Trainee: 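Have a look at the structure that comes next, please.
Note that this is a predicted model, so its numbers are computed, not measured. The basis for the numbers below is simple: all heavy atoms, side chains too, and nothing from hydrogens, waters or symmetry mates. Sequential numbering from 1 along the given sequence is applied to the chain's residues.
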Amino acid sequence: MDRLQRPARTEIAALLKKLAAGPQSTYDQRAFFLGEYLRVLSEFLELPEESIQAGDLADAGYAMAWLRAAAGGYTRQRKVHGKRDAAAASQSARCAAFNVFARHLGVPDRLSEHWPEGQGLPVDESRRIAELLADNRPPRTNRSTWERTSALAALRLSTGRPLSELAGLKVEDLELEAAEPTVVLGSRTHQLDALAVRTMDRWLQTRARLTASRYPRTETGPAPQLEGGVVTAVWVTLKPGRPRHGEPARHPYLPCSIRALRAAQHDQTTRLLARPTRIGQLTRPDPEENVPAKAPARAVSVNAAPPPALSEEAKARALAQAVEVRRERTALLDRLKSGGVTLAEILDRTDRVVGGTRAGRLVGSLPGIGQARRVQILTMAGIGAERRLQGLGSRQRERLLQSVAQHSGQPAAGETAAPDAGDRTLG
């Protein structure tokens, strides 16, 4: 059997047997980082370690994904206050371990063993991550937490300010309804782009709704105040804290700590992209490259003319039409799941039944497509799960078809089939 097709564990053991005659520190270092690499790749590919082949471990693309994950703190095994990045020395040791393993297998790929100190992501990649996070809720993620995290990421991309400044933002520092929406951070005023305005407006509305439902007004006066008075912080906690040192649990909707904001970003980008991304890694584009923002659409003013009232007969007729459209849409998606109609045939239609269908529901109705693969397909196509088909352009429809075709032969989460040798994408 070719070495590349042997189990990765077998080849790691063979390499370590060669290294056993050398220094103990080198042996321990290679064993630790190769074991870490195998574990991380198993998590990324959602396959047991026994199914990972040596050739997969020797793939430079997989190795770079492992290094990026380590740089984002994904591999850290203990709690460390302050800096979460992997040190440049440990990253260089990871590169050296990969190079030794590649040389053992006779693979030409090599990684530079000089790992630079923490650097930001390219502007295009930063924008792509912020936009994907804004339009796609990661699996098993609370909606309010996702809205808070996506707003924070978009604000970082728009202003370029560090998390230490963004974490202390107050509601009064935001001017989203101005002709040119701005935010005040420190002593400087920053103009916001369209993505930041959209995500911040969405989060502020959710924040207002949650705090109002938790502390409603009473018949005798205003709502009871939270401990410490009125909370004006933009970023607030969404659930009660844990009792500590005999003290009762803290109320929700108090100012959120930097640690909690960073952890939420780490968790959600890991679930959405299969690798973590820190807020500080997002690089701000040049000001002239930002999409100009307009004030977000708000509720109709109380002085505006009310919509025309419908008769009971008209209401019943409209309700019956809506129910019929939903029934036809459900039947169409059931046909798609059973193979009675193809995805291309549905995307070619422009009627009301298809036009109102959300992209996430459509992809989730494809045969053999689960939640994890649905997120991967929509992420690769660059389409939000809540987008309706009537709003997709021809290129987006083509990308969606290509993404579905590419993922149709890949193993779903929980399957144990070996990955295709020609597919090196980590999602």
Trainee: Quick one: are T357 and R388 in side-chain contact, heavy atoms under 4.5 Å?
Mentor: no
Trainee: Does the side chain of P122 reach to within under 4.5 Å of the side chain of T283, using non-hydrogen atoms?
Mentor: no
Trainee: Which value, rounded to the nearest 0.5 Å, describes the distance between R358 atom CZ and Q390 atom CD?
Mentor: 10.0 Å
Trainee: So do L192 and L176 actually touch side chain to side chain, heavy atoms under 4.5 Å?
Mentor: yes
Trainee: Taking NZ, NE, NH1 and NH2 as the nitrogens, is one of them in R39 or E49 under 4.0 Å from a carboxylate oxygen of the other?
Mentor: no
Trainee: Show the nearest heavy-atom pair for residues R30 and A97, with the distance to one decimal.
Mentor: CD-CA, 3.8 Å
Trainee: Would R140 and D267 pass as an ion pair if we require N to O under 4.0 Å?
Mentor: no
Trainee: If I compare all heavy atoms of L67 with all of C95, which pair ends up nearest, and what's the gap?
Mentor: CD1-SG, 3.7 Å
Trainee: I'd like to know if the side chain of S126 pairs up with that of R284 as donor and acceptor (distance under 3.5 Å, no hydrogens or angles considered).
Mentor: no
Trainee: Give the intermediate values and the outcome of side chain to side chain contact (heavy atoms under 4.5 Å, CB included) for residues W203 and W235.
Mentor: CA-CA 9 Å; W203 160 243; W235 318 113; 3.7 Å; yes
Trainee: Please report the C-alpha distance between R198 and D135 in whole Å, then the side-chain angles of each, then the deciding distance to 0.1 Å, and finally whether the salt bridge (Lys or Arg N to Asp or Glu O under 4.0 Å) criterion is met.
Mentor: CA-CA 11 Å; R198 174 165 64 89; D135 295 329; 3.1 Å; yes
Trainee: Using every non-hydrogen atom in the two residues, find where W146 and Q268 come nearest and quote the distance to one decimal.
Mentor: CA-OE1, 3.2 Å
Trainee: Supply the atom-to-atom distance L15 CG to K17 NZ, rounded to the nearest 0.5 angstrom.
Mentor: 12.5 Å
Trainee: If you measure from the Lys or Arg side-chain nitrogens to the Asp or Glu carboxylate oxygens, is any gap between R128 and D124 under 4.0 Å?
Mentor: no
Trainee: Below 4.0 angstrom, N of the basic side chain to O of the carboxylate: do E324 and R327 qualify?
Mentor: yes
Trainee: Give a yes-or-no answer on whether the side chains of R94 and Q91 include a donor-acceptor pair shorter than 3.5 Å.
Mentor: yes
Trainee: Taking C-beta and beyond as the side chain, do L204 and L174 meet within less than 4.5 Å on heavy atoms?
Mentor: yes
Trainee: I'd like to know if the side chain of T149 pairs up with that of Q265 as donor and acceptor (distance under 3.5 Å, no hydrogens or angles considered).
Mentor: no
Trainee: Would you confirm whether D28, through its side chain, and S25, through its main-chain N or O, come within 3.5 Å as a donor-acceptor pair?
Mentor: no
Trainee: Nearest 0.5 Å, please: how far is CG in L34 from CD in Q29?
Mentor: 10.0 Å
Trainee: Mind checking whether R262 and S257 have side chains closer than 4.5 Å, heavy atoms only?
Mentor: no
Trainee: Report yes or no: do T330 and R361 form a side-chain donor-acceptor pair below 3.5 Å?
Mentor: yes
Trainee: Could you report the tightest heavy-atom contact between T182 and E180, atom names first, then the distance?
Mentor: CG2-O, 3.2 Å
Trainee: Checking the side chain of R161 only, and the main-chain atoms of L185 only, is there a donor and an acceptor separated by less than 3.5 Å?
Mentor: no
Trainee: Between L362 and L347, is any pair of side-chain heavy atoms under 4.5 Å apart?
Mentor: yes
Trainee: Grab the two heavy atoms, one from I52 and one from S42, that are nearest each other, plus how far apart they are.
Mentor: CD1-CA, 4.4 Å
Trainee: Does the pair S158 and L195 meet the rule for a side chain to side chain contact (heavy atoms under 4.5 Å, CB included), with working shown?
Mentor: CA-CA 8 Å; S158 181; L195 182 65; over 6 Å; no
Trainee: What's the spacing between I383 CD1 and R387 CZ if we round to 0.5 Å?
Mentor: 7.0 Å
Trainee: Is the CZ atom of R110 crowded by more than 12 outside heavy atoms at less than 6.0 Å?
Mentor: yes
Trainee: Can any side-chain N or O of R148 pair as donor or acceptor with the backbone N or O of V236 at less than 3.5 Å?
Mentor: yes
Trainee: Take N136 and V375, measure what side chain to side chain contact (heavy atoms under 4.5 Å, CB included) needs, and give me the verdict at the end.
Mentor: CA-CA 8 Å; N136 297 272; V375 173; 5.8 Å; no
Trainee: Would T206 and R143 satisfy side chain to side chain donor-acceptor pair (under 3.5 Å), going step by step from the backbone distance to the final call?
Mentor: CA-CA 10 Å; T206 297; R143 174 174 287 274; over 6 Å; no
Trainee: I'd like to know whether R137 forms a side chain to side chain contact (heavy atoms under 4.5 Å, CB included) with E147, so could you lay out the CA-CA distance, the side-chain angles of the two residues, the decisive distance to 0.1 Å, and finally the verdict.
Mentor: CA-CA 8 Å; R137 179 155 63 110; E147 291 177 349; over 6 Å; no
Trainee: Taking side chain as C-beta onward, heavy atoms only, is T159 less than 4.5 Å from L166?
Mentor: yes
Trainee: Between atom CD of Q191 and atom OG1 of T189, what is the distance when rounded to the nearest 0.5 Å?
Mentor: 10.5 Å
Trainee: Considering all heavy atoms of both residues, which atom of F98 and which atom of D59 are nearest to each other, and what is their separation?
Mentor: CE1-O, 3.9 Å
Trainee: How many angstroms lie between atom OG of S51 and atom CG of L41, to the nearest 0.5 angstrom?
Mentor: 11.0 Å
Trainee: Taking the side chain as everything from C-beta on, heavy atoms only, tell me whether V323 gets closer than 4.5 Å to V325.
Mentor: no
Trainee: Do side-chain atoms of D56 reach the backbone of Q53 as a donor and acceptor pair under 3.5 angstrom?
Mentor: yes
Trainee: Can any side-chain N or O of R271 pair as donor or acceptor with the backbone N or O of P139 at less than 3.5 Å?
Mentor: yes
Trainee: Determine yes or no for a side-chain-to-main-chain donor-acceptor pair under 3.5 angstrom, with Y27 supplying the side chain and G22 the backbone.
Mentor: no
